[in-house]
A.B. asks: 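The structure follows.
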Amino acid sequence: MFRRGRFAVVVVVVTLFLALTTGGAAESASPSPDVLRASYASFPDYLDPQLSYTAEGWTAMYDTYIPLLTYRHASGKAGGKVIPGLARSLPKITDGGRKYVLYLHEGLHYSDGKPVRATDFEWTVKRMFRLYSGGFPFFLDIVGAGRYLQTGRGGIRGIDADNRTGRITVRLRRPRGTFAYELATPFVALVPAGTPAHDLSANPPPATGPYEITSSQPGAGWTYERNPEWEDNARMLPQIPGGHVDEIEVTVKRNPFAQVRALEKGEIDWMQNPPPPALLPGIKRRFGGTQFRMELTHSLYYFWMNTTKPPFDDIRVRRAVNFAVDPQALSGVYGGQLAPTHQVLPPGMLGYKRFDLYPLNLAKARRLIAIANPRDREITVWTDTESPNNEAGVYYAQVLRELGFRVHLKVLGAGFYFSAIGRSARANLDTGWSDWFEDYPHPNDFFQPLLAGGSILPTYSSNFSQIDVPKLNRRIAGLRERRRSPEAGYAALDRSYMKLAPIAPYGTRLLSTFVSKRVDLDEVVWSQTFGTDIASLRFR
């Protein structure tokens with residue numbers, strides 16, 4: 001879910017200095033042959049399927065919580081195929097795309113022994129709305145969903161479930177060609193009816209997948225063990241891999257240099273985040289092909305600008321920023337782990353057609369600022385602590401200073417950064433860094449959450465620029481209703497938004513798989529949507 005020459009030199013020098021002078025103490029205990037040890041650079045935003053909205057969280061829960069539909073556990077394009085999850089088959093879609101009928105497998109159980117029931121689906125959706133999850137806009141087209149969101153009472157008229165037959169019927173207000181993809185997101189991964197409607201990251205709900213989270217210490221780490229009910233569930237879900245190890249211990253190590261050292265020593269077996277850019281050349285040379293490889297993602301790295309308040313309510317200022325931001329320089333900040341781009345859709349996504357309305361031109365940017373002459377030149381730039389996103393924030397702050405702004409850099413912990421800037425009314429939300437990894441392999445996912453007016457929420461908002469253009473909102477909705485892929489429509493929508501310049505895109509991310517020598521790299525599955533499939537991690 002994420003340089004200019006002299007700046008690049010400073011980053012490299014600082015990075016090398018940190019490599020020599022920082023880092024947590026190495027773990028002294030030898031790894032158990034039966035336990036896989038992993039590390040994250042930061043704790044996921046949530047370990048709660050209805051709340052999590054980051055790549056870290058989705059990687060953590062992909063093999064724990066299974067929706068009615070899910071994605072094939074495969075690398076590359078094959079991993080973007082929607083398949084049955086807890087449902088017996090793909091939905092039967094009728095009424096012009098407004099009615100979806102699915103049947104839940106009989107005999108499934110949660111990891112705590114409770115039976116999985118068809119009515120759990122409605123509870124799960126209701127819980128998502130009551131939590132005001134960032135994923136709820138995907139499901140507002142369910143008949144009665146909007147009313148439930150407002151009142152939090154009664155049922156949702158568009159959901160009908162029969163526990164005797166396992167039949168689940170979902171009725172939509174209008175066709176939604178992306179709905180099967182959205183049914184496969186963790187937001188609607190089933191949890192038992194009665195699961196409390198508050199954050200359960202410290203005590204995650206019972207699981208339906210091959211693993212359950214048996215302990216969690218937010219900020220520090222968590223542990224997976226095999227789901228005791230999986231042996232029976234697996235007979236009905238042969239399309240879901242059962243995993244190869246019995247236990248996985250995940251520890252948060254905020255210093256990536258310490259992570260690399262621990263992996264090289266065999267003290268951890270897999271690191272979820274990429275290594276520091278300064279170490280990448282050496283890692284590629286020593287471990288490439290045997291323990292390390294690069295992975296292509298469908299992602300967008302960008303700077304957002306709050307279009308509702310000065311100075312970024314002026315399109316000339318936003319265009320100036322786009323002319324001043326250099327994607328090639330930022331690729332250097334990320335140590336080559338970022339492919340430069342200057343538009344909304346990433347390469348490889350349906351509807352992608354390369355263009356660049358804002359080739360680097362600092363002189364033109366300064367002229368636009370001079371013409372706009374913004375009265376408010378005090379700006380807060382937001383970014384998180386995780387490298388190299390923090391360096392990208394420093395770079396961006398310097399660009400704005402060169403354009404004549406007085407900049408205050410606000411750096412927040414990576415574990416709560418998005419929930420913090422997702423509060424639309426928060427003071428001083430002027431501009432900042434963000435990234436986005438696909439929720440599902442369809443271009444709507446890069447427009448509806450990031451740029452549609454309906455995604456401006458009081459909490460968990462993902463439209464950080466707070467752009468709300470009725471004409472473009474209608475185009476997003478119209479394209480979303482089509483069952484067949486309207487490639488040309490999305491390519492045109494991409495250009496339309498970039499003309500308005502609510503964001504300054506700069507790249508799509510290359511991430512990595514880095515494992516210890518006792519893990520079989522060739523068996524590791526990389527999902528465009530979920531990242532490393534932990535069920536594919538196995539010892540040699």
A.B. asks: What's the separation between atom CZ in Arg147 and atom CG in Leu140, rounded to the nearest 0.5 Å?
C.D. replies: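 Answer for the CZ-CG pair, Arg147 versus Leu140, is 15.0 Å.
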A.B. asks: Would His442 and Phe447 count as a ring pair (Phe, Tyr, Trp, His ring centres under 6.0 Å) if you check the C-alpha gap in whole Å, the side-chain angles of each, and the deciding distance to 0.1 Å?
C.D. replies: CA-CA 10 Å; His442 190 283; Phe447 291 104; 9.9 Å; no
A.B. asks: Compute the ring centroids of His298 and Tyr352, then answer whether they are less than 6.0 Å apart.
C.D. replies: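 Centroid distance His298-Tyr352: not below 6.0 Å, so no.
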A.B. asks: Fit a plane to each ring of Tyr506 and Tyr334, take the angle between them on a 0 to 90° scale, and name the class: parallel (under 30°), tilted (30 to 60°) or perpendicular (over 60°).
C.D. replies: tilted
A.B. asks: Can you tell me if CD on Gln239 sees more than 12 non-hydrogen neighbours from other groups inside 6.0 Å?
C.D. replies: yes
A.B. asks: Can you confirm whether Thr169 sits close enough to Lys99 that some side-chain heavy atom of one is under 4.5 Å from a side-chain heavy atom of the other?
C.D. replies: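 A side-chain contact under 4.5 Å exists here.
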A.B. asks: Below 4.5 Å, heavy atoms only, C-beta onward: do Thr508 and Leu338 meet side chain to side chain?
C.D. replies: no
A.B. asks: Is the shortest side-chain N to carboxylate O distance from Arg167 to Asp162 below 4.0 Å?
C.D. replies: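 Salt bridge flag = no for Asp162 with Arg167.
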A.B. asks: Which heavy atom of Ser75 sits nearest a heavy atom of Val525, and at what distance?
C.D. replies: OG-CA, 3.4 Å
A.B. asks: Within a radius of less than 6.0 Å around CZ of Arg157, do more than 12 heavy atoms belonging to other residues, nucleotides or ligands occur?
C.D. replies: no
A.B. asks: Can you tell me if Tyr110 and Asp120 form a side-chain donor-acceptor pair at under 3.5 Å?
C.D. replies: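 Judged by distance alone, the side chains do pair up.
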A.B. asks: If you measure only the distance, is there a donor-acceptor pair under 3.5 Å linking the side chains of Ser512 and Gln337?
C.D. replies: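 No, Gln337 and Ser512 have no side-chain donor paired with an acceptor closer than 3.5 Å.
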A.B. asks: Without hydrogens or angle criteria, can the side chains of Tyr53 and Asp439 be said to hold a donor-acceptor pair below 3.5 Å?
C.D. replies: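 Per modelled atom types, Tyr53 and Asp439 side chains form a pair under 3.5 Å.
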A.B. asks: Which heavy atom of Ile240 sits nearest a heavy atom of Pro210, and at what distance?
C.D. replies: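 In terms of heavy atoms, the two residues are closest at CG2-CD, 4.2 Å.
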A.B. asks: Side chains of Asp533 and Ser527: donor-acceptor distance under 3.5 Å anywhere?
C.D. replies: no
A.B. asks: Please report the shortest heavy-atom distance between Pro49 and Ala189, naming the atom on each side.
C.D. replies: CB-CB, 4.4 Å
A.B. asks: Would you call Arg226 and Glu247 a salt bridge, taking side-chain N to carboxylate O under 4.0 Å as the test?
C.D. replies: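 Salt bridge: no.
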A.B. asks: Do Val524 and Arg293 come close enough that some side-chain heavy atom pair is under 4.5 Å?
C.D. replies: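 Result yes, sub-4.5 Å side-chain heavy-atom pair found.
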A.B. asks: Regarding Thr431 and Tyr396, is there a side-chain donor-to-acceptor distance under 3.5 Å anywhere?
C.D. replies: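 On atom types as modelled, these side chains qualify, holding a pair under 3.5 Å.
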A.B. asks: Taking atom types as modelled, find out whether Asp199 and Ser201 have a side-chain donor-acceptor pair closer than 3.5 angstrom.
C.D. replies: yes
A.B. asks: How far apart are the closest heavy atoms of Lys126 and Gly154, and which atoms are they?
C.D. replies: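 For Lys126 and Gly154, the tightest heavy-atom pair comes out as NZ-O, 3.0 Å.
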A.B. asks: Report yes if the distance between the aromatic ring centroids of Tyr132 and Tyr460 is under 6.0 Å, otherwise no.
C.D. replies: no
A.B. asks: Is any NZ, NE, NH1 or NH2 atom of the basic residue among Glu106 and Arg88 found under 4.0 Å from an Asp or Glu carboxylate oxygen of the other?
C.D. replies: yes
A.B. asks: Less than 4.5 Å apart, any side-chain heavy atom of Leu511 and any of Phe437?
C.D. replies: yes
A.B. asks: Is it the case that the side chains of Ser133 and Gln50 hold a donor-acceptor pair, with the cut-off being a distance below 3.5 Å and no angle test?
C.D. replies: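 Note: Gln50 and Ser133 side chains miss the donor-acceptor criterion.
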A.B. asks: Atom CZ of residue position Arg354 - does it have more than 12 heavy atoms of other residues, nucleotides or ligands inside 6.0 Å?
C.D. replies: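 No, not enclosed.
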A.B. asks: Centroid-to-centroid, Trp222 to Tyr40, below 6.0 Å?
C.D. replies: yes
A.B. asks: Do you know the tightest heavy-atom contact between Arg509 and Ser299?
C.D. replies: N-OG, 2.8 Å
A.B. asks: Ion pair present between Asp494 and Lys499, side-chain N to carboxylate O less than 4.0 angstrom?
C.D. replies: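 No, no charged N to carboxylate O under 4.0 Å.
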A.B. asks: Can you tell me which residue among Leu108, Asn233, Ile66, Val191 is in a side-chain contact (heavy atoms from CB on, under 4.5 Å) with Val116?
C.D. replies: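 So, applying the side-chain contact (heavy atoms from CB on, under 4.5 Å) to Val116 and each of Leu108, Asn233, Ile66, Val191, only Leu108 qualifies.
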A.B. asks: Centre of Phe355's six-membered ring, under 6.0 Å away, within 45 degrees of the axis: is that where NZ or CZ of Arg495 sits?
C.D. replies: yes
A.B. asks: Please state whether the rings of Phe446 and Trp436 are parallel, tilted or perpendicular, taking 30° and 60° as the class boundaries.
C.D. replies: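 Rings of Phe446 and Trp436: perpendicular, as their planes differ by over 60°.
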A.B. asks: Would you please indicate if the ring centroids of Phe303 and Trp433 are separated by under 6.0 Å?
C.D. replies: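 That pair fails the under 6.0 Å test.
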A.B. asks: Test of understanding: with salt bridge (charged side-chain N to carboxylate O under 4.0 Å, His left out), list the residues that count as partners of Lys309, not counting sequence neighbours.
C.D. replies: Asp430
A.B. asks: Go through the side-chain N and O atoms of Asn163 and Thr119 and say whether any donor and acceptor fall under 3.5 Å apart.
C.D. replies: yes
A.B. asks: I need the minimum non-hydrogen distance between Thr64 and Glu212, along with the two atoms involved.
C.D. replies: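 Closest heavy-atom pair between Thr64 and Glu212: CG2-CA, 4.2 Å.
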A.B. asks: Considering only heavy atoms from C-beta outward, does the side chain of Leu69 approach that of Leu102 to under 4.5 Å?
C.D. replies: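 Yes. Closest side-chain heavy atoms under 4.5 Å.
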A.B. asks: Would you call the rings of Phe138 and Phe187 parallel, tilted or perpendicular, taking 30° and 60° as the class edges?
C.D. replies: tilted
